[in-house]
Structures are given as structure tokens and as C-alpha cells.
Participant: 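Below is one structure. I have some questions about it.
Scope of the values below: all heavy atoms of this structure, side chains included, with no hydrogens, waters or symmetry mates. In this chain, residues are counted from 1 in sequence order. Since the model is a prediction, treat every value here as computed from it, not as a measurement.
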Amino acid sequence: MAELKNVAPLADFDWNAYESGDTLVNESREAQEKAYEGSLNKVNDHEVVDGTVIAMNKREVVVNIGFKSDGIIPMSEFRYNPDLKVGDKVEVYIENQEDKKGQLILSHKKARATRSWDRVNEALENEEIIKGYIKCRTKGGMIVDVFGIEAFLPGSQIDVKPIRDYDVFVGKTMEFKVVKINQEFKNVVVSHKALIEAELEQQKKEIISKLEKGQVLEGTVKNITSYGVFIDLGGVDGLIHITDLSWGRVSDPKEVVQLDQKINVVILDFDDEKKRIALGLKQLTPHPWDALDPNLKVGDKVKGKVVVMADYGAFIEIAPGVEGLIHVSEMSWSQHLRSAQDFMKVGDEVEAVILTLDREERKMSLGIKQLKADPWENIEEKYPVGSKHTAKVRNFTNFGVFVEIEEGVDGLIHISDLSWTKKIKHPSEFTQIGAEIEVQVLEIDKENRRLSLGHKQLEENPWDVFETVFTVNSIHEGTIVEMLDKGAVIQLEYGVEGFATPKHLVKEDGSQAQLNEKLQFKVIEFNKESKRIILSHSRIYEDAQRAEAKEAKKTTNSAKKGMKKEETPVIQNQAAATTLGDIDALAALKAQMEKGE
């Protein structure tokens with residue numbers, strides 16, 4: 001234990017005051033308080049001042065502003081600055097010099113917000129590089145905390161290369177340049193890409209200055225689009241168009257390359273001013289046409305896959321990069337207008353015959369109908385005149401029906417050869433497309449590859465019989481089935497139809513016959529060749545009236561002759577004259593004659 005030295009007590013020390021806790025006289029206390037107050041900074045509430053970080057942990061930062069107490073600020077307000085350390089100067093906003101606990105209340109966030117707008121404008125004007133904290137994703141980009149302001153970072157301004165995953169940037173602190181400010185709406189747009197573009201631009205110029213057409217370089221697949229692939233050549237990008245990826249057809253570039261894949265490419269062309277570089281991949285391999293079998297010739301059979309379909313034909317790839325066209329006219333012996341899609345689809349494996357082959361132009365035409373015999377070669381033997389067959393209705397015209405007996409063998413049934421009895425205005429009244437119909441070959445036109453066919457010829461001509469049934473002046477029952485401007489169509493027995501003009505449709509009571517009315521009709525004309533029967537209803541009672549009138553006239557003439565022979569007795573004796581004939585009968589006959597007239 002250390003030895004205590006003798007210390008003389010103070011002669012004027014007030015022990016009573018010491019015991020009571022008051023060790024200073026009033027004058028001394030006031031002087032010390034003034035001295036202490038003078039050593040502190042004078043601050044006001046709601047003021048922005050600079051402070052010094054004197055301590056920090058994961059949750060809080062202690063800042064000294066030269067006041068009698070230090071302020072504590074949440075570490076979250078400094079997340080934009082992960083390099084913060086003790087001794088750094090920071091700006092703070094004084095919210096309250098003393099709270100209820102006597103604690104100084106500071107805010108770094110509010111201090112930044114107070115000065116942020118001026119600082120952002122200065123950064124734009126001076127092209128200053130600033131730091132920002134990426135808070136979250138938003139539509140089209142990211143939200144960045146810059147000086148306490150929420151600025152917008154477009155997705156295209158994050159990096160010079162396309163960004164695949166935006167989420168990896170959330171929570172990061174990065175350097176930015178302010179590129180646009182909307183003073184009215186207080187909107188700020190920042191860019192990280194702008195910081196590296198200047199450097200890349202110089203790098204691009206150096207790379208492009210060394211490029212030559214035909215030069216082969218190694219590059220990395222940077223981006224894949226529907227129209228081609230972008231290749232990073234080490235600071236400058238080039239494009240391989242989809243047509244330059246492979247000698248064969250490519251529907252999706254991903255069939256040939258993958259992202260981040262390193263490949264060799266050849267420079268096809270470049271533009272110094274626009275910094276565009278056209279690259280090729282297929283040009284590094286020989287053209288497939290040069291490797292095509294030299295013994296291949298017209299008439300040979302080849303196999304391939306359908307790679308492209310069009311209405312006019314199909315492109316068949318018989319080897320990678322070697323294609324031939326099968327025109328739709330070479331797909332079937334049929335002459336019907338059809339689309340190539342009716343015969344095949346993309347991906348089908350087909351066999352075809354080479355029709356033309358031009359190695360210089362690298363063109364080839366193919367056909368598949370040639371794999372079958374031409375049905376018109378022996379048409380007279382297979383379908384002789386008079387032979388009967390079953391055909392399929394393909395199409396209608398106003399004058400007939402086009403049918404197909406077999407693929408490539410077409411024929412026409414004229415509308416007049418459909419039925420012996422029915423008057424057909426349009427073939428659709430008789431049959432329908434796709435239906436089967438029995439036909440007889442009437443004529444062969446081999447040059448135009450067309451048959452003349454008939455349907456009614458399969459039955460005997462009923463008009464030979466009708467000629468004996470519907471004789472002129474014969475009377476038949478009929479039904480009016482159609483009214484026309486020029487008359488009416490009358491359905492007779494045996495399925496035959498006749499025609500009557502309006503004047504022949506007047507009934508005995510003077511009214512006009514109506515549709516669906518059943519009446520007696522007299523045949524006034526029969527033409528076997530033109531298959532025409534002209535009818536009349538009014539002629540029936542008109543002929544009867546004429547006959548009655550004629551008979552009445554004959555009876556009257558006979559009566560007059562009898563009266564002349566016995567003229568004297570009649571004059572002398574009227575009573576006797578009445579006995580010569582029936583007065584009532586004569587009166588009735590006269591009435592009939594008058595009516596007939």
C-alpha cells in the first residue's frame with residue numbers, strides 16, 4: 001500500500017458546504033457555467049448542421065455536433081453509405097435539442113432531404129458522380145435513394161448489357177449520374193450506364209479500327225432475339241442475323257446458340273459511323289450445295305423434311321441448307337385449286353422426284369404426283385364412253401356439276417343431264433358438294449383432261465312414255481308448285497312438270513288460280529326434244545262452252561228449218577205452234593247460247 005504524504009489542509013475550505021454538496025461559491029459557479037456554455041455550439045431546432053460520427057454499431061450511429069449531448073441516429077438512415085466510419089462528417093437535422101429525457105434528437109434523413117434538391121441540381125449541372133441506394137424494383141426499372149430523394153433508374157440505364165435479373169441489384173449501393181430532372185414534378189432520373197459508356201465508346205473505336213471483313217473473332221452470346229443474336233466481341237457488340245446462323249432454315253436462334261456461349265464468328269460488314277457490325281456463323285462452314293451428291297440428277301427420288309409451307313407449295317430440306325420446292329400443282333394429278341396445306345404440313349417426312357436441278361443457281365424443284373402413274377395415260381381403257389362410275393361432287397357452276405371419279409380424273413355433268421323430268425335452275429337443288437353421284441361417261445376430252453358425264457342417262461328416257469300419256473288435248477290433274485311472272489309450273493303425275501301462262505290459269509268464275517291449288521289441266525302442246533309440256537286450265541271449260549254453243553246453234557238451225565215448212569199453220573194458230581217444240585227447252589237453250597256468246 002502506497003505511503004500517504006502529508007498535505008496541509010486548505011485554510012479557507014468550507015467543510016460544511018462540502019458536506020451539503022455545495023462546493024462552489026455563487027460567483028465561482030456562475031463563472032464556470034458561462035465558461036461551459038461558451039464552449040458549446042449554439043444550435044437551433046429545425047436547423048441543419050454538420051456533425052462527426054463518434055461511435056456506431058449495427059443499429060445506431062452516435063453523432064457529436066459540439067452540443068452538450070450527442071445525438072443517436074438509426075443506422076438505416078445511412079444505408080446508402082455502407083462505407084460510413086467513425087470520424088466521418090455527416091449532416092444532421094436538429095429535431096429537438098432536448099426531449100423529455102434530455103436527449104438530443106437528430107435526423108440524417110431529414111437533413112439530406114432538406115439539402116437534397118439543391119445537391120441533385122448541382123450534380124446534374126456539374127455532371128457529378130454520386131452514390132445512391134437501390135431500394136426496390138418498379139415497372140421498367142428501379143427506385144434509387146439519392147440524397148434522400150427517390151430517383152428513377154430505368155432498366156436500360158443499369159448497364160450496357162441487357163439485365164436478366166433486376167432483383168440482384170436491390171439493396172446495393174452504386175454510383176450514378178443524374179441525367180434528367182423534371183423541376184415541375186420533382187422527378188429525378190439517374191443512370192449507372194452513363195458512367196461506363198464513355199470508356200466503352202473509346203474502347204469501341206479502338207476495336208472497330210482494327211476490324212476487317214472476313215476476319216474471324218471469338219465472341220460471347222450476349223442476347224438472343226427473334227431476328228438474330230448479339231455477340232460481345234470484347235467491348236463492342238455485333239449482330240448475327242438469323243439467316244446467317246445456319247445454311248438451313250432456323251425458326252428460333254436458340255436452336256443454334258445459347259446465352260453466354262463462346263463461339264467463333266466471321267465479320268461480314270461493319271459501319272464506322274453507326275458502330276454496326278454484321279457477323280456470320282454459317283460462313284465458317286462450306287455451303288451445303290457444294291457438298292451435294294454430284295450424281296444426283298433430274299428424275300431421281302429424294303427424301304426430305306417439310307421446313308416451310310406456303311399456299312403455293314412446300315419447301316423440302318433434303319440436306320441441311322439444300323432445299324427444293326414442291327409446287328402445289330406437282331402434289332396431285334387433280335386440277336382442282338387447292339392449298340399446299342391440304343397435302344402436307346411442316347415437319348412431315350416426304351419422298352419426291354427431282355423435276356429440275358440448277359446447281360449454279362442452287363435451285364431445285366420437286367414433285368410427288370410423279371410417284372403415281374398419270375391416270376390420263378390410259379383413260380380410254382379405264383373410263384370408256386358409256387361406262388358407269390361413282391363420282392364425288394367437287395364444285396357447282398350455274399351450268400353444271402364438277403365431279404371427280406378418282407384423283408386427277410375430273411368430269412362435268414351439264415345441268416341438262418341431271419334429270420329427265422325436273423327443271424333444275426341450279427345444281428345445288430339436285431345434289432350437294434361432297435356427295436357421291438352415279439355417272440355415265442358421255443365424251444372424253446383427253447387434251448384438256450376433261451370428261452363429259454351424265455346422270456340421267458343411267459335411266460331410260462321417260463319422255464318416250466310421256467309422249468303416249470300426255471297427248472295434246474288430254475286432260476290431267478296437276479298442282480301449281482311455283483308462280484312466275486310469265487306463268488306457273490304445274491306438277492303432273494309421274495313426276496313430270498308442265499307450264500301454263502297466266503291467261504290459261506283463269507278459272508271458270510273469272511278468278512286466277514293460286515299457288516298449291518289442284519286443278520284439271522289440258523295439254524295444248526307437247527315437245528319431246530325440248531321436254532316441254534304446255535298446259536291450260538281455262539281451255540277445258542272454254543272448249544266445253546264452244547261445244548255447247550255449237551250444239552245449241554245446230555239445234556236452233558234445225559228448229560228454224562222446221563218452222564219454215566209449217567209457216568202458215570203457225571201464223572194462223574199460235575196454240576198449235578207451241579206443240580211443235582218444248583218452249584221451256586228452247587228457252588234454256590237460248591240462255592245457254594247467250595251465255596256461251
Side-chain angles (χ1 to χ4, degrees), residues 32-136 138 142-153 169-179 181-183 185-190 192 195:
Q32 289 189 8
E33 285 180 355
K34 288 181 179 180
Y36 176 70
E37 292 289 344
S39 67
L40 300 176
N41 290 331
K42 292 184 178 180
V43 296
N44 299 314
D45 288 348
H46 312 301
E47 182 182 20
V48 177
V49 298
D50 290 331
T52 304
V53 177
I54 60 173
M56 56 188 291
N57 57 33
K58 292 183 178 179
R59 298 180 59 187
E60 298 173 331
V61 176
V62 180
V63 179
N64 179 16
I65 62 172
F67 196 56
K68 60 184 176 182
S69 64
D70 298 327
I72 298 176
I73 301 173
M75 177 60 82
S76 61
E77 295 191 19
F78 294 93
R79 61 186 177 184
Y80 73 92
N81 184 9
D83 299 327
L84 184 70
K85 61 186 181 298
V86 173
D88 285 353
K89 296 290 184 181
V90 294
E91 53 189 4
V92 293
Y93 177 83
I94 301 173
E95 295 193 57
N96 196 342
Q97 296 183 38
E98 289 188 14
D99 62 3
K100 293 180 180 179
K101 297 180 180 180
Q103 177 67 49
L104 172 65
I105 306 300
L106 303 177
S107 171
H108 178 61
K109 182 178 180 180
K110 288 185 177 180
R112 293 177 72 217
T114 302
R115 294 182 177 177
S116 60
W117 193 247
D118 293 336
R119 294 189 64 181
V120 164
N121 280 276
E122 289 176 7
L124 176 63
E125 184 178 350
N126 301 327
E127 297 186 356
E128 180 185 350
I129 297 175
I130 60 176
K131 285 186 178 181
Y133 175 79
I134 299 178
K135 297 175 64 176
C136 60
T138 188
M142 319 288 285
I143 298 297
V144 182
D145 184 339
V146 178
F147 303 136
I149 294 177
E150 288 191 346
F152 177 60
L153 172 63
F169 293 94
V170 177
K172 285 189 175 182
T173 298
M174 299 173 64
E175 291 184 335
F176 302 98
K177 282 185 70 175
V178 179
V179 294
I181 296 177
N182 187 318
Q183 301 290 344
F185 297 102
K186 303 293 184 182
N187 291 336
V188 179
V189 180
V190 297
H192 177 70
L195 299 177

Participant: Are side-chain heavy atoms of D50 and K89 found at a separation under 4.5 Å?
Facilitator: no
Participant: Please report the interatomic distance CG(L124) to CD1(I181), rounded to the nearest 0.5 Å.
Facilitator: 4.5 Å
Participant: Quick one: are N187 and F152 in side-chain contact, heavy atoms under 4.5 Å?
Facilitator: no
Participant: With rounding to the nearest 0.5 angstrom, report the CG to NZ distance, N81 to K131.
Facilitator: 5.5 Å
Participant: Measuring from atom CD of E175 to atom CG of L195, what distance do you get when rounded to the nearest 0.5 angstrom?
Facilitator: 6.5 Å
Participant: Under a 4.5 Å cut-off applied to non-hydrogen side-chain atoms, are V146 and I130 in contact?
Facilitator: yes
Participant: In terms of the angle between their ring planes, are H108 and F78 parallel, tilted or perpendicular, with boundaries placed at 30° and 60°?
Facilitator: parallel
Participant: Looking at I134 and M174, what are the two nearest heavy atoms and their distance?
Facilitator: CD1-SD, 3.5 Å
Participant: To the nearest 0.5 Å, what is the distance between CZ (R59) and CD1 (I72)?
Facilitator: 11.0 Å
Participant: Do I94 and L106 make a side-chain contact, defined as non-hydrogen atoms from C-beta onward lying under 4.5 Å apart?
Facilitator: yes
Participant: What residues form a side-chain hydrogen bond (donor to acceptor under 3.5 Å, both in side chains) with K58, not counting sequence neighbours?
Facilitator: none
Participant: Return each pair, listed once, that meets side-chain hydrogen bond (donor to acceptor under 3.5 Å, both in side chains) where at least one residue sits in residues 118-130; pairs must be two or more places apart or across chains.
Facilitator: E91-R119, N121-Q183
Participant: Tell me, do I65 and L104 make a side-chain contact under 4.5 Å, heavy atoms counted?
Facilitator: yes
Participant: Within the structure provided, determine whether V90 and V61 are in side-chain contact (heavy-atom separation under 4.5 Å).
Facilitator: no
Participant: V53 versus K85: any side-chain heavy-atom pair under 4.5 Å?
Facilitator: no
Participant: So how far is it from E95 CD to I73 CD1, rounded to the nearest 0.5 Å?
Facilitator: 9.5 Å
Participant: So how far is it from I129 CD1 to F176 CZ, rounded to the nearest 0.5 Å?
Facilitator: 12.0 Å
Participant: Could you pull out the closest heavy-atom pair between Y133 and G171, with the gap in Å?
Facilitator: CE1-O, 3.2 Å
Participant: Applying side chain to side chain contact (heavy atoms under 4.5 Å, CB included) between L153 and each of V189, V179, V144, report the one that passes.
Facilitator: V144
Participant: Which one of V63, N57, V62 satisfies the side chain to side chain contact (heavy atoms under 4.5 Å, CB included) criterion with E60?
Facilitator: N57
